[in-house]
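Data first, discussion second: the structure below is written as C-alpha coordinates.
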Amino acid sequence: MWRGVVSGRWVELASRPNEVIARAVESQRDWSWLEEYLQLRVDLAEVFAEFPANDPHLEQAIKTCRGMRLLKQDHWECLASFILSSTKQIVQIQQITNLLRSRYGERVKVPNGCGDTFTFPQAEKIVSLTETDLRGCKMGFRAPYLHDAARKVASGEVDLKRIATLPLVDAQAELMKINGVGEKIAECVLLYGYGFPTAFPVDVWVARALSEFYFKGRKVALPKLRRFAAKHFGCQAGYAQQYLFQHIRLREKRMKASET
DNA sequence: GACCAGGACCATT
DNA sequence: AATGGTCATGGT
(Lines give C-alpha, C1' and ligand atoms only; values in the text may rest on other atoms or scores of the structure.)
Protein backbone atom coordinates (compact mmCIF):
# COMPACT_ATOMS: atom_id res chain seq x y z
CA MET A 1 0.00 0.00 0.00
CA TRP A 2 1.22 3.48 -0.85
CA ARG A 3 0.06 6.84 0.49
CA GLY A 4 1.05 10.19 -0.94
CA VAL A 5 -0.02 13.44 -2.52
CA VAL A 6 -0.88 13.57 -6.21
CA SER A 7 -2.06 16.80 -7.87
CA GLY A 8 -2.48 18.34 -4.44
CA ARG A 9 -4.78 15.57 -3.17
CA TRP A 10 -4.12 12.90 -0.54
CA VAL A 11 -4.45 9.44 -2.06
CA GLU A 12 -3.95 5.82 -0.98
CA LEU A 13 -3.18 3.12 -3.52
CA ALA A 14 -3.28 -0.67 -3.34
CA SER A 15 -2.23 -2.87 -6.22
CA ARG A 16 -4.13 -5.98 -7.27
CA PRO A 17 -3.78 -8.19 -10.32
CA ASN A 18 -4.84 -6.09 -13.30
CA GLU A 19 -6.23 -3.25 -11.21
CA VAL A 20 -5.42 -0.47 -8.81
CA ILE A 21 -7.61 0.35 -5.81
CA ALA A 22 -7.51 4.05 -4.97
CA ARG A 23 -8.92 5.97 -2.03
CA ALA A 24 -9.13 9.75 -1.83
CA VAL A 25 -10.47 12.01 0.92
CA GLU A 26 -13.52 13.22 -0.96
CA SER A 27 -15.49 11.25 -3.53
CA GLN A 28 -14.08 11.74 -7.02
CA ARG A 29 -16.25 11.84 -10.11
CA ASP A 30 -13.13 12.26 -12.24
CA TRP A 31 -10.00 10.18 -11.62
CA SER A 32 -8.15 11.40 -14.71
CA TRP A 33 -5.50 13.14 -12.56
CA LEU A 34 -4.56 9.77 -11.08
CA GLU A 35 -4.74 7.89 -14.39
CA GLU A 36 -2.34 10.44 -15.82
CA TYR A 37 0.04 10.12 -12.86
CA LEU A 38 0.08 6.32 -13.04
CA GLN A 39 0.10 6.33 -16.88
CA LEU A 40 -2.60 3.68 -16.87
CA ARG A 41 -3.36 4.05 -20.56
CA VAL A 42 0.15 2.89 -21.48
CA ASP A 43 0.03 -0.64 -22.89
CA LEU A 44 3.03 -2.41 -21.41
CA ALA A 45 2.90 -5.16 -24.04
CA GLU A 46 3.40 -2.52 -26.72
CA VAL A 47 6.33 -1.07 -24.78
CA PHE A 48 8.01 -4.45 -24.35
CA ALA A 49 7.52 -5.17 -28.06
CA GLU A 50 9.90 -2.29 -28.78
CA PHE A 51 12.65 -3.74 -26.58
CA PRO A 52 15.61 -5.30 -28.42
CA ALA A 53 14.99 -8.95 -29.32
CA ASN A 54 17.00 -11.72 -27.69
CA ASP A 55 18.05 -9.72 -24.64
CA PRO A 56 17.90 -12.21 -21.75
CA HIS A 57 18.61 -9.52 -19.14
CA LEU A 58 15.65 -7.40 -20.18
CA GLU A 59 13.46 -10.50 -20.34
CA GLN A 60 14.48 -11.39 -16.81
CA ALA A 61 13.83 -7.83 -15.66
CA ILE A 62 10.32 -7.94 -17.15
CA LYS A 63 9.63 -11.07 -15.11
CA THR A 64 10.99 -9.81 -11.78
CA CYS A 65 9.33 -6.39 -12.10
CA ARG A 66 6.07 -7.49 -13.68
CA GLY A 67 3.60 -4.67 -14.27
CA MET A 68 5.93 -1.84 -13.33
CA ARG A 69 5.14 1.51 -14.97
CA LEU A 70 6.88 4.83 -15.29
CA LEU A 71 5.04 7.63 -13.52
CA LYS A 72 4.30 11.08 -14.87
CA GLN A 73 5.26 13.27 -11.94
CA ASP A 74 4.79 16.98 -11.41
CA HIS A 75 7.47 18.89 -13.34
CA TRP A 76 8.75 21.06 -10.51
CA GLU A 77 8.53 18.41 -7.80
CA CYS A 78 10.38 15.96 -10.03
CA LEU A 79 13.10 18.46 -10.89
CA ALA A 80 13.59 19.52 -7.28
CA SER A 81 13.61 15.95 -5.99
CA PHE A 82 16.29 14.84 -8.43
CA ILE A 83 18.44 17.88 -7.69
CA LEU A 84 18.35 16.65 -4.10
CA SER A 85 19.17 13.08 -5.16
CA SER A 86 22.82 13.40 -6.12
CA THR A 87 25.00 10.96 -4.15
CA LYS A 88 22.19 10.34 -1.68
CA GLN A 89 20.50 7.08 -0.84
CA ILE A 90 16.83 6.91 -1.76
CA VAL A 91 15.68 6.77 1.88
CA GLN A 92 17.69 9.92 2.59
CA ILE A 93 16.17 11.72 -0.39
CA GLN A 94 12.76 10.90 1.07
CA GLN A 95 13.88 12.25 4.44
CA ILE A 96 14.95 15.54 2.87
CA THR A 97 11.78 15.96 0.80
CA ASN A 98 9.63 15.10 3.81
CA LEU A 99 11.35 17.82 5.84
CA LEU A 100 10.74 20.30 2.99
CA ARG A 101 7.08 19.28 2.82
CA SER A 102 6.34 19.46 6.53
CA ARG A 103 8.13 22.79 7.01
CA TYR A 104 7.30 24.67 3.83
CA GLY A 105 4.52 22.79 2.01
CA GLU A 106 0.78 23.27 2.38
CA ARG A 107 -1.32 20.96 4.51
CA VAL A 108 -3.72 18.71 2.62
CA LYS A 109 -6.93 17.12 3.88
CA VAL A 110 -6.48 13.56 5.11
CA PRO A 111 -8.94 10.90 6.32
CA ASN A 112 -9.50 10.58 10.09
CA GLY A 113 -6.60 8.90 11.80
CA CYS A 114 -4.03 9.58 9.08
CA GLY A 115 -0.91 11.57 9.85
CA ASP A 116 -0.25 15.16 8.81
CA THR A 117 0.44 15.40 5.09
CA PHE A 118 1.76 18.27 3.02
CA THR A 119 2.27 19.21 -0.61
CA PHE A 120 5.74 19.67 -2.04
CA PRO A 121 6.55 23.41 -1.72
CA GLN A 122 6.22 25.44 -4.92
CA ALA A 123 9.23 27.10 -6.52
CA GLU A 124 7.96 30.51 -5.36
CA LYS A 125 8.06 29.27 -1.78
CA ILE A 126 11.59 27.88 -2.09
CA VAL A 127 12.82 31.19 -3.54
CA SER A 128 11.67 32.99 -0.39
CA LEU A 129 13.81 30.73 1.80
CA THR A 130 17.44 31.29 2.77
CA GLU A 131 20.25 28.84 2.15
CA THR A 132 20.32 28.26 5.91
CA ASP A 133 16.63 27.27 5.82
CA LEU A 134 17.37 24.79 3.06
CA ARG A 135 20.48 23.36 4.73
CA GLY A 136 18.30 22.89 7.79
CA CYS A 137 16.47 20.25 5.74
CA LYS A 138 19.71 18.20 5.57
CA MET A 139 20.39 18.76 1.89
CA GLY A 140 23.96 20.02 2.39
CA PHE A 141 25.77 21.31 -0.70
CA ARG A 142 22.60 20.83 -2.77
CA ALA A 143 20.97 23.85 -1.08
CA PRO A 144 22.30 26.50 -3.51
CA TYR A 145 21.41 24.19 -6.40
CA LEU A 146 17.79 23.91 -5.29
CA HIS A 147 17.56 27.65 -4.73
CA ASP A 148 18.97 28.39 -8.19
CA ALA A 149 16.42 26.03 -9.72
CA ALA A 150 13.57 27.65 -7.79
CA ARG A 151 14.68 31.13 -8.83
CA LYS A 152 14.96 30.25 -12.52
CA VAL A 153 11.63 28.41 -12.55
CA ALA A 154 9.71 31.03 -10.58
CA SER A 155 11.05 33.83 -12.77
CA GLY A 156 10.26 31.97 -15.97
CA GLU A 157 13.92 31.97 -17.00
CA VAL A 158 13.40 28.22 -17.27
CA ASP A 159 9.86 27.57 -18.53
CA LEU A 160 8.89 24.10 -17.35
CA LYS A 161 5.70 24.00 -19.46
CA ARG A 162 7.47 24.93 -22.66
CA ILE A 163 10.02 22.15 -22.17
CA ALA A 164 7.26 19.63 -22.87
CA THR A 165 7.00 20.99 -26.43
CA LEU A 166 10.72 20.77 -27.25
CA PRO A 167 12.75 18.00 -28.89
CA LEU A 168 14.62 15.87 -26.37
CA VAL A 169 18.07 17.43 -26.83
CA ASP A 170 16.71 20.99 -26.57
CA ALA A 171 14.62 20.10 -23.54
CA GLN A 172 17.69 18.61 -21.87
CA ALA A 173 19.80 21.71 -22.64
CA GLU A 174 17.05 23.89 -21.16
CA LEU A 175 17.06 21.97 -17.88
CA MET A 176 20.86 22.01 -17.76
CA LYS A 177 20.76 25.82 -17.59
CA ILE A 178 20.12 25.20 -13.89
CA ASN A 179 23.16 24.98 -11.67
CA GLY A 180 23.34 21.48 -10.25
CA VAL A 181 21.50 19.85 -13.15
CA GLY A 182 23.78 17.75 -15.34
CA GLU A 183 23.00 15.14 -17.96
CA LYS A 184 21.78 12.49 -15.55
CA ILE A 185 19.39 14.62 -13.51
CA ALA A 186 18.07 16.27 -16.66
CA GLU A 187 17.31 12.86 -18.15
CA CYS A 188 15.53 11.81 -14.96
CA VAL A 189 13.25 14.83 -15.16
CA LEU A 190 12.64 14.27 -18.87
CA LEU A 191 11.70 10.64 -18.24
CA TYR A 192 9.75 10.77 -14.97
CA GLY A 193 8.28 14.26 -15.28
CA TYR A 194 7.71 14.64 -19.01
CA GLY A 195 7.58 11.09 -20.35
CA PHE A 196 10.22 11.47 -23.06
CA PRO A 197 10.39 7.80 -24.08
CA THR A 198 14.08 7.71 -25.05
CA ALA A 199 15.47 9.55 -22.03
CA PHE A 200 17.96 7.16 -20.42
CA PRO A 201 19.42 8.35 -17.10
CA VAL A 202 22.61 6.47 -16.19
CA ASP A 203 23.15 6.43 -12.43
CA VAL A 204 25.51 4.20 -10.47
CA TRP A 205 23.04 1.30 -10.53
CA VAL A 206 22.30 1.45 -14.24
CA ALA A 207 26.01 1.81 -14.93
CA ARG A 208 26.61 -1.37 -12.94
CA ALA A 209 23.83 -3.19 -14.74
CA LEU A 210 25.08 -2.15 -18.18
CA SER A 211 28.70 -3.03 -17.35
CA GLU A 212 27.75 -6.42 -15.98
CA PHE A 213 25.17 -7.40 -18.60
CA TYR A 214 26.63 -5.93 -21.79
CA PHE A 215 30.38 -5.45 -21.14
CA LYS A 216 31.30 -8.67 -19.32
CA GLY A 217 31.68 -6.87 -15.99
CA ARG A 218 34.35 -4.47 -17.20
CA LYS A 219 34.31 -0.93 -15.90
CA VAL A 220 33.10 1.28 -18.74
CA ALA A 221 33.18 5.08 -18.77
CA LEU A 222 29.88 6.96 -18.65
CA PRO A 223 29.96 8.50 -22.15
CA LYS A 224 30.52 5.07 -23.66
CA LEU A 225 27.65 3.59 -21.66
CA ARG A 226 25.35 6.36 -22.86
CA ARG A 227 26.34 5.80 -26.48
CA PHE A 228 25.73 2.07 -26.12
CA ALA A 229 22.32 2.61 -24.51
CA ALA A 230 21.23 5.04 -27.22
CA LYS A 231 21.80 2.50 -29.96
CA HIS A 232 20.86 -0.70 -28.17
CA PHE A 233 17.57 0.02 -26.37
CA GLY A 234 15.50 1.69 -29.08
CA CYS A 235 12.47 3.96 -28.90
CA GLN A 236 11.40 2.79 -25.40
CA ALA A 237 14.85 3.07 -23.85
CA GLY A 238 13.43 4.88 -20.82
CA TYR A 239 11.31 1.88 -19.88
CA ALA A 240 14.28 -0.44 -20.45
CA GLN A 241 16.33 1.71 -18.10
CA GLN A 242 13.69 1.56 -15.37
CA TYR A 243 13.34 -2.22 -15.64
CA LEU A 244 17.12 -2.76 -15.51
CA PHE A 245 17.40 -0.38 -12.55
CA GLN A 246 14.67 -2.08 -10.55
CA HIS A 247 15.86 -5.54 -11.54
CA ILE A 248 19.41 -5.04 -10.26
CA ARG A 249 18.25 -3.28 -7.10
CA LEU A 250 15.79 -6.04 -6.20
CA ARG A 251 18.56 -8.58 -6.78
CA GLU A 252 20.82 -6.61 -4.44
CA LYS A 253 18.13 -6.55 -1.76
CA ARG A 254 17.64 -10.31 -2.01
CA MET A 255 21.41 -10.83 -1.74
CA LYS A 256 21.61 -8.73 1.41
CA ALA A 257 18.61 -10.45 2.93
CA SER A 258 20.13 -13.89 2.36
CA GLU A 259 23.45 -12.91 3.93
CA THR A 260 21.94 -12.90 7.41
C1' DG B 1 36.84 4.74 10.81
C1' DA B 2 36.50 3.62 6.00
C1' DC B 3 33.38 3.47 2.37
C1' DC B 4 29.34 4.56 -0.34
C1' DA B 5 24.98 6.87 -1.73
C1' DG B 6 19.64 7.33 -8.38
C1' DG B 7 26.06 13.63 -9.38
C1' DA B 8 27.69 18.17 -10.69
C1' DC B 9 31.39 21.11 -11.30
C1' DC B 10 35.93 22.57 -11.91
C1' DA B 11 40.73 21.98 -13.09
C1' DT B 12 43.94 19.15 -15.43
C1' DT B 13 45.67 15.86 -18.84
C1' DA C 1 36.99 12.85 -24.23
C1' DA C 2 38.30 11.04 -19.84
C1' DT C 3 40.15 11.27 -14.91
C1' DG C 4 40.50 13.23 -10.01
C1' DG C 5 39.22 16.13 -6.07
C1' DT C 6 35.58 18.41 -3.70
C1' DC C 7 31.12 19.33 -1.99
C1' DA C 8 27.28 17.54 3.08
C1' DT C 9 25.13 14.23 5.37
C1' DG C 10 23.74 9.77 6.94
C1' DG C 11 23.84 4.60 6.75
C1' DT C 12 26.28 0.28 6.84
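In the text below, chain A, chain B and the rest are named by the order of the sequence lines, each starting its count at 1. Quick caveat: nothing in here was measured; it's all calculated off a predicted structure.
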Between N or O atoms, less than 3.5 Å apart, protein on one side and nucleotides 11-13 of chain B on the other: list the pairs.
none

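- Sequence neighbours left out, the pairs with a member in residues 82-108 of chain A that pass salt bridge (Lys or Arg N to Asp or Glu O under 4.0 Å) are A:E77-A:R101, A:R107-A:D116.
- Listed by first then second residue, pairs satisfying side-chain hydrogen bond (donor to acceptor under 3.5 Å, both in side chains) with a partner in residues 120-130 of chain A read A:T130-A:D133, not counting sequence neighbours.
- Counting only residues at least two apart or in different chains, ring-ring contact (aromatic ring centres under 6.0 Å, His included) contacts with residues 151-199 of chain A comprise A:H75-A:Y194, A:F82-A:Y192.
- Ring geometry for A:F233 versus A:F200: interplanar angle under 30°, hence parallel rather than tilted (30 to 60°).
- The salt bridge (Lys or Arg N to Asp or Glu O under 4.0 Å) pairs that include a residue from residues 22-33 of chain A are A:E12-A:R23, A:E26-A:K109, where partners are two or more places apart or lie in different chains.
- Nucleotide B:dC9 holds its P atom 11 Å from the CD atom of A:E183, rounded to whole Å.
- Whole-Å rounding puts the A:E187 CD to B:dA8 C1' distance at 15 Å.
- Outside the 6.0 Å centre-distance limit, the rings of A:Y243 and A:H247 are not counted as a close aromatic pair.
- Here salt bridge (Lys or Arg N to Asp or Glu O under 4.0 Å) pairs that include residues 179-194 of chain A, with residues two or more places apart or in two chains, are A:E183-A:R226.
- Of the two residues contacting DNA chain B, namely A:V202 and A:I178, the nearest-nucleotide position lying further toward the 5' end is that of A:V202.
- Within the nucleic acid shown, A:I90 comes within 4.0 Å of at least one base atom, counting heavy atoms only.
- Atom pair A:L146:CG and B:dG7:P shows a separation of 17 Å (rounding to whole Å applied).
- Applying the salt bridge (Lys or Arg N to Asp or Glu O under 4.0 Å) test to every pair with at least one member in residues 152-171 of chain A, sequence neighbours left out, gives these pairs: A:D148-A:K152, A:R151-A:E157, A:R162-A:E174.
- Under the 4.5 Å side-chain criterion, counting only non-hydrogen atoms from C-beta, A:V25 is not in contact with A:V108.
- Residue A:K219 contributes atom NZ, which lies 16 Å from atom P of C:dA2 at whole-angstrom precision.
- Looking at residues 236-253 of chain A, you'll see that no heavy atom sits under 4.0 Å from any atom of DNA chain C.
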Next item on the list: Give the B/S/- string for nucleotides 3-12 of chain C, one per nucleotide from 5' to 3', where a protein heavy atom under 4.0 Å of the base yields B, of only the sugar-phosphate yields S, and otherwise -.
Entry: S---BBBBS-
Acceptor/donor pairs from residues 216-224 of chain A side chains to any protein atom, 3.5 angstrom cut, sequence neighbours excluded:
none

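- Looking only at distances, a side-chain donor or acceptor of A:H147 sits under 3.5 Å from a matching main-chain atom of A:L129.
- In this entry the distance linking NZ of A:K224 with P of C:dA2 reads 9 Å, nearest Å.
- The gap from the P atom of B:dC3 to that of C:dG4 amounts to 16 Å, rounded to the nearest Å.
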Without placing hydrogens or testing angles, list every side-chain donor-acceptor pair under 3.5 Å for residues 37-54 of chain A, not counting sequence neighbours.
from  : atom 1 : to    : atom 2 : distance (Å)
A:Q39 : NE2    : A:E36 : O      : 2.8
A:D43 : OD1    : A:A45 : N      : 2.9

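- The separation of C:dG5 from B:dC4, taken at their P atoms, amounts to 13 Å, rounded to a whole angstrom.
- A heavy-atom distance below 4.5 Å is found between the side chains of A:L100 and A:L84.
- The side chain of A:N179 places an N or O atom within less than 4.0 Å of a non-bridging phosphate oxygen (OP1 or OP2) of B:dC9.
- Atoms CD1 (A:I185) and C1' (B:dA8) sit 7 Å apart, rounded to a whole Å.
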Notebook entry, point to check: Taking only Watson-Crick and G-U wobble pairs with both distances under 3.5 Å, what dot-bracket line describes DNA chain B, where [ ] shows pairs that cross earlier ones and | shows pairs with another strand?
Noted result: .||||.|||||||
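- Here, B:dA2 and C:dT6 have their P atoms 15 Å apart, quoted to the whole Å.
- Annotation: side chain of A:V158 is in contact with side chain of A:I163 (closest heavy-atom distance under 4.5 Å).
- What separates CG of A:L222 from C1' of C:dA1 is a distance of 12 Å, to the nearest Å.
- Protein atom CG of A:L71 is 18 Å distant from nucleotide atom P of B:dG6, rounded to whole Å.
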